[in-house]
Chemist: 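Starting off with a structure, shown below.
In what follows, every chain begins at residue 1, and chains take the letters A, B, ... in the order their sequences are listed. Worth knowing before you read on, the calculation uses all heavy atoms, side chains too, and leaves out hydrogens, waters and symmetry mates.
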There are 2 protein chains.
Amino acid sequence: MTPTENELNILQAAEKLFTEHGYNATSTTDIAREAKCTQALVHYYYRTKENLFQKVFLNKLKSLVELIKKPLEADCGFEQKIRLIIESYFDLISQNRALPLFIFNELVSHPERREMIKAIIHDAIIHEEVFASFDSSLHEAVRQGKIRDITAENLLIDIVSLNATTFIIAPIYANIKGNDDTAQDDFLTSRKEEIVQLITRGLKA
Amino acid sequence: MTPTENELNILQAAEKLFTEHGYNATSTTDIAREAKCTQALVHYYYRTKENLFQKVFLNKLKSLVELIKKPLEADCGFEQKIRLIIESYFDLISQNRALPLFIFNELVSHPERREMIKAIIHDAIIHEEVFASFDSSLHEAVRQGKIRDITAENLLIDIVSLNATTFIIAPIYANIKGNDDTAQDDFLTSRKEEIVQLITRGLKA
DNA sequence: GTCTATAGGCGGATAGAC
DNA sequence: GTCTATCCGCCTATAGAC
């Protein structure tokens, strides 16, 4: 029942390689090498490559949703909440920079995997009413004339879009500009503040 | 010198499949089937898969830059220009919906391809001074207090981020919501207006 | 549980006939 | 220019010894 060391190593290796290079570009041989075991063992524990991938993908999606829930539940004014959402989401991706493109890719190229997202969204957000409470506090702010008329959906998509793309572009940008790490860090901090500015100002009534 | 029909069919098939499924997920056999010829012919005309891919990628990048240049050069007030840029860029991607993810992917997973972008940006934008003139008209607007302090770089990245992600998310969103095409179209028109609102309001001083 | 060995399939690329 | 046939390598997956 308790997982052996190899079993865990394989899962972690798979997480690393799948998120960095995607499903197609990762072979079970690569995973075995990264996990320092034989390729046969990968199949012994996880049977098929697809099955191993789904475990990884599900883990990533769940942890992503969990981390997004916190700032949504924060107890503070609406404007502060927005800033909190943006910044904590930004920091989250910052710890896991390959995640946005990885998720976009797998959802676009393998439509059957969208079912996973459906289930997770339903379980973690709608059922627990986190989203609903954020939605109603947004409506309240709109009704009071504090912010312009906007749906929670559009607002969240704005935030996700700006944050996710920033991390997709960052390595490309740094590479084109001159390829050092400080260039990329400067870019990221500049973008983080710009996103907060754009959203908070863009919400004004 | 003038390309034969097969040569052209192969290129078009490659364009379609590479942009839709990416480099790794597209085989030369797939391309041959789509072009209605044998797989040997693909290699006869383009020698290697990598070589064929580079031709496709370069074509896409060039046409993208060309189409972006027009609204940048438009002769009108600053606020109208912003709206024009967003809307024409939105319509452009709308005609070629797989393009954003395709380009992000290939630039992230194959860093050597960033050299292409460097050269293109230099040739098409910096050398022809389109970008410089947009940059100076932006500074002018900032100096006059019409808009807040923002760099052209940040503004263009905001626009590209919001537009590109919209089209990446659209099929996923529609699929989760109920999977019909009208849901997706509604989503897109809603997003287009939201992006214009967010950017123009978010620029205010 | 872990290994070696190998089956079986698909990929890119080329040779050679027409 | 276009085809068929084929080489060779890598991939996933499994069989079977220990």
Side-chain angles (χ1 to χ4, degrees), chain A residues 1-60 102 105-106 108-113 116, chain B residues 1-60 98 102 105-106 109-113 116:
Chain A
M1 207 82 267
T2 122
T4 168
E5 201 187 322
N6 274 326
E7 186 173 359
L8 204 65
N9 285 343
I10 290 168
L11 190 67
Q12 286 168 349
E15 261 177 55
K16 179 177 190 298
L17 297 180
F18 278 142
T19 50
E20 281 176 10
H21 309 305
Y23 183 83
N24 287 325
T26 304
S27 70
T28 52
T29 313
D30 293 336
I31 295 171
R33 192 182 306 117
E34 177 79 25
K36 298 188 201 306
C37 69
T38 62
Q39 182 253 5
L41 214 55
V42 175
H43 289 273
Y44 173 75
Y45 281 115
Y46 297 96
R47 248 185 37 261
T48 65
K49 179 185 169 182
E50 174 66 26
N51 188 48
L52 172 55
F53 178 85
Q54 288 196 16
K55 282 199 163 45
V56 170
F57 195 57
L58 198 63
N59 280 348
K60 290 289 173 188
F102 170 68
N105 256 319
E106 299 302 336
V108 167
S109 61
H110 297 263
E112 69 277 12
R113 286 173 189 156
M116 268 192 228
Chain B
M1 207 82 264
T2 123
T4 167
E5 202 187 321
N6 273 325
E7 186 174 359
L8 205 66
N9 284 344
I10 291 169
L11 189 68
Q12 286 169 348
E15 261 175 57
K16 180 177 189 302
L17 297 180
F18 278 141
T19 50
E20 281 175 9
H21 309 305
Y23 184 83
N24 287 326
T26 304
S27 69
T28 54
T29 313
D30 292 337
I31 295 171
R33 190 183 306 116
E34 177 78 25
K36 297 187 204 305
C37 68
T38 61
Q39 181 251 8
L41 214 55
V42 175
H43 289 274
Y44 172 75
Y45 281 115
Y46 298 95
R47 250 185 33 261
T48 66
K49 180 184 170 184
E50 174 66 27
N51 188 48
L52 173 55
F53 177 85
Q54 289 198 14
K55 282 198 164 45
V56 170
F57 195 57
L58 197 63
N59 281 347
K60 290 289 173 189
F102 170 67
N105 257 318
E106 298 303 335
S109 61
H110 299 262
E112 69 279 10
R113 285 173 191 157
M116 267 193 231

Chemist: Could you tell me whether a side-chain N or O of B/Asn105 sits under 3.5 Å from a main-chain N or O of B/Phe102, the two making a donor and an acceptor?
Modeler: no
Chemist: Decide yes or no on side chain to side chain contact (heavy atoms under 4.5 Å, CB included) for B/Lys36 and B/Asn9, but give the supporting numbers first.
Modeler: CA-CA 8 Å; B/Lys36 297 187 204 305; B/Asn9 284 344; over 6 Å; no
Chemist: Within 45 degrees of the axis of the six-membered ring of A/Phe18 and under 6.0 Å from its centre: does A/Lys49 put its NZ or CZ there?
Modeler: no
Chemist: Check whether any side-chain N or O of A/Thr28 sits under 4.0 Å from OP1 or OP2 of D/dT12, and answer yes or no.
Modeler: yes
Chemist: A quick test of your reading: do over 12 heavy atoms of other residues, nucleotides or ligands sit less than 6.0 Å from CD of A/Glu5?
Modeler: no
Chemist: How is B/Tyr44 classified with respect to the nucleic acid when contacts are heavy atoms under 4.0 Å: base, sugar-phosphate, or nothing?
Modeler: base
Chemist: Given C/dT2, C/dG11, D/dT2, which nucleotide is nearest the side-chain atoms of B/Thr29?
Modeler: C/dG11
Chemist: Closest approach to the side chain of A/Ala40, judged atom by atom: which nucleotide of D/dC3, D/dT14, C/dG12 is it?
Modeler: D/dT14
Chemist: Is any side-chain N or O of B/Tyr45 closer than 4.0 Å to OP1 or OP2 of D/dT2?
Modeler: yes
Chemist: Choosing from D/dT12, D/dT2, C/dT2, which nucleotide comes nearest the side chain of A/Gln39?
Modeler: D/dT12
Chemist: If each of B/Lys36 and A/Glu50 is mapped to the nucleotide of DNA chain D with the nearest heavy atom, which maps nearer the 5' terminus, i.e. the 5' end?
Modeler: B/Lys36
Chemist: Below the 4.0 Å mark, does D/dT2 have OP1 or OP2 next to a side-chain nitrogen or oxygen of B/Asn6?
Modeler: yes
Chemist: Given C/dT4, D/dA13, C/dG11, which nucleotide is nearest the side-chain atoms of A/His43?
Modeler: D/dA13
